[in-house]
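Remarks on the structure that follows.
Naming: A, B, ... by sequence-line order, numbering from 1 per chain. Keep in mind that the numbers below use all heavy atoms, side chains included, and drop hydrogens, waters and symmetry copies.
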Number of protein chains: 2
Amino acid sequence: MAVKLKDELKAAGRRLTRPRQAVLEVLEQCQYPLTASELYQQLQEHHVSIDLVTVYRTLTVLKELGLITQLELHQEGQFRYEIREGREHHHHIRCQGCGKIADLLLCPLKKLTAFIEKETRFIVEHHSLEFSGWCPKCQ
Amino acid sequence: MAVKLKDELKAAGRRLTRPRQAVLEVLEQCQYPLTASELYQQLQEHHVSIDLVTVYRTLTVLKELGLITQLELHQEGQFRYEIREGREHHHHIRCQGCGKIADLLLCPLKKLTAFIEKETRFIVEHHSLEFSGWCPKCQ
DNA sequence: TTCTCAACTGCAAGAGAGTTGCAAAAAGAA
DNA sequence: TTCTTTTTGCAACTCTCTTGCAGTTGAGAA
Ligand SMILES: [Mn+2]
Ligand SMILES: [Mn+2]
Ligand SMILES: [Zn+2]
Ligand SMILES: [Zn+2]
């Protein structure tokens, strides 16, 4: 992934820097999508000192390079980011109690998209689908 | 609807006021869900002078009474509100060009919810599903 | 109708996520 | 090492939404 980062940056005329490597590493090791400030905290715990503004700018760059995905969970009011490498398009479920986020490794919307395009005459480009509820521990 | 508002307010020990009537009227007449500031603008156009803070507080009350629904469209960064009366649970599609929002009078997620509950052992309470793309005019 | 008081409103200030301007620092090519 | 361009950190800012508080108003009681 580090190699891929370097190549993608170079191809885009951008530079390989400490913050970009560090942010990508944290996201690689995390099992669930992180917010900018969660990422910032984790960096501090790893004794990597990067300004929060730089975290935001880095996330924008990594997203532009197609290395991470930005997502929005319902009613959270902030973005989350996760590594794209090796993960197909999928959706999430979040526990209303503890905030635990789990992947749903499926997308049931292909047929529905075709139907909606026919009915509305829109051309569908994106969709967003998330569930929330109670995880086993919080029930 | 005006009668229903009065009754619901009374039942909740709350009062019937000008802002509450005006906000509900604007939402009743609108064909698509409005943000707080769109609502505020429309009120001003109708020469109803209500502070934006009061609009927010009014939306909270109407939501608590179950008269309106709060929703969040993907990537918009603000809430929208629509009248609940006479409308079943449904979803939306928004045009990335002009911002037009259309209702999708369907919900395809009942079976999927049961499947997810079995797979994840979460109990699903809410879901959010929206589409975005290009409306006929913007294509 | 008038009185009374809790509910409500407007204004100012604040919170939280994210963005922008700018000078100083660092990457990387020559 | 030098030079140019990109990147960073800091401060200030934007935008949506919330909170505190003093003055106003709705509506039940007298
Ligand atoms: Mn995921
Ligand atoms: Mn609708
Ligand atoms: Zn999908
Ligand atoms: Zn649904």
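Under a 3.5 Å cut-off, the side chain of A/T113 and the backbone N or O of A/L109 do form a donor-acceptor pair.
Side-chain contact between B/Q96 and A/H126 is present, with at least one heavy-atom pair separated by less than 4.5 Å. Proximity of A/Q75 to B/F79: side-chain heavy atoms (C-beta onward) are separated by under 4.5 Å at one or more points.
Spacing between atom CD of A/E38 and atom P of C/dA17 amounts to 10 Å, rounded to whole angstrom units. Rounded to whole Å, atom C1' of C/dA17 lies 15 Å from atom OH of A/Y40. Between A/R14 atom CZ and C/dA29 atom P the separation is 16 Å, expressed in whole Å. The CD atom of B/E64 sits 10 Å away from the P atom of C/dC8 (whole-angstrom rounding). A/R15 has its CZ atom 8 Å from the C1' atom of D/dT7, to the nearest Å. B/L5 has its CG atom 14 Å from the C1' atom of D/dG26, to the nearest Å. At whole-Å resolution of the value, NZ in B/K63 and C1' in D/dT18 are 12 Å apart. Going from atom CG of B/D51 over to atom P of D/dT18 covers 14 Å, rounded to whole Å.
When heavy atoms are screened at a 4.0 angstrom cut-off, B/K10 is found touching the sugar-phosphate backbone but no base atom.
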- Would you please test A/Q41 and A/H46 for side-chain hydrogen bond (donor to acceptor under 3.5 Å, both in side chains) and show each step? CA-CA 9 Å; A/Q41 281 174 257; A/H46 293 197; over 6 Å; no
- side-chain contact (heavy atoms from CB on, under 4.5 Å) assessment of B/L67 paired with B/I83: CA-CA 6 Å; B/L67 298 176; B/I83 280 286; 5.9 Å; no
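Judged by closest nucleotide on DNA chain D, A/L9 is the one of B/E76 and A/L9 placed further toward the 5' end. Where B/I50 and B/G13 meet DNA chain C, the nucleotide closest to each residue was compared, and B/G13 sits on the side nearer the 5' end. Annotation: of the two residues near DNA chain C, A/K6 and B/V61, the 5′-most nearest-nucleotide partner is B/V61. Along DNA chain D, the nucleotide closest to B/Q78 and the one closest to B/L16 are compared, and the more 5′ of them pairs with B/Q78.
For the 3.5 Å distance criterion, the side chains of A/H127 and B/H91 fail to qualify, holding no donor opposite an acceptor.
Residue A/S37 has no polar side-chain atom (N or O) positioned under 4.0 Å from OP1 or OP2 of C/dG16. One finds no side-chain N or O of B/T17 lying less than 4.0 angstrom from the OP1 or OP2 phosphate oxygen of C/dC8. Distances shown here put every side-chain N or O of A/T54 at or beyond 4.0 Å from the OP1 or OP2 atom of D/dT8.
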Tabulated below should be each protein N or O lying under 3.5 Å from an N or O of nucleotides 19-24 of chain C; please produce it.
residue : atom : partner : partner atom : Å
C/dG21  : O6   : A/R57   : NH1          : 3.3

Mind listing the N/O atom pairs, protein and nucleotides 1-3 of chain D, below 3.5 Å?
none

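In the displayed structure, B/R87 atom CZ is contacted under 6.0 Å by more than 12 heavy atoms of other residues, nucleotides or ligands. In the displayed structure, B/R18 atom CZ is contacted under 6.0 Å by at most 12 heavy atoms of other residues, nucleotides or ligands.
In this structure, B/L52 and B/A36 approach most closely via the heavy-atom pair CD1-O, 4.1 Å.
Within the structure, salt bridge (Lys or Arg N to Asp or Glu O under 4.0 Å) pairs that include any residue of residues 45-73 of chain B comprise B/R14-B/E64 (at least two apart or interchain).
The base of C/dA26 is not paired with the side chain of A/R18 by any donor and acceptor separated by under 3.5 Å.
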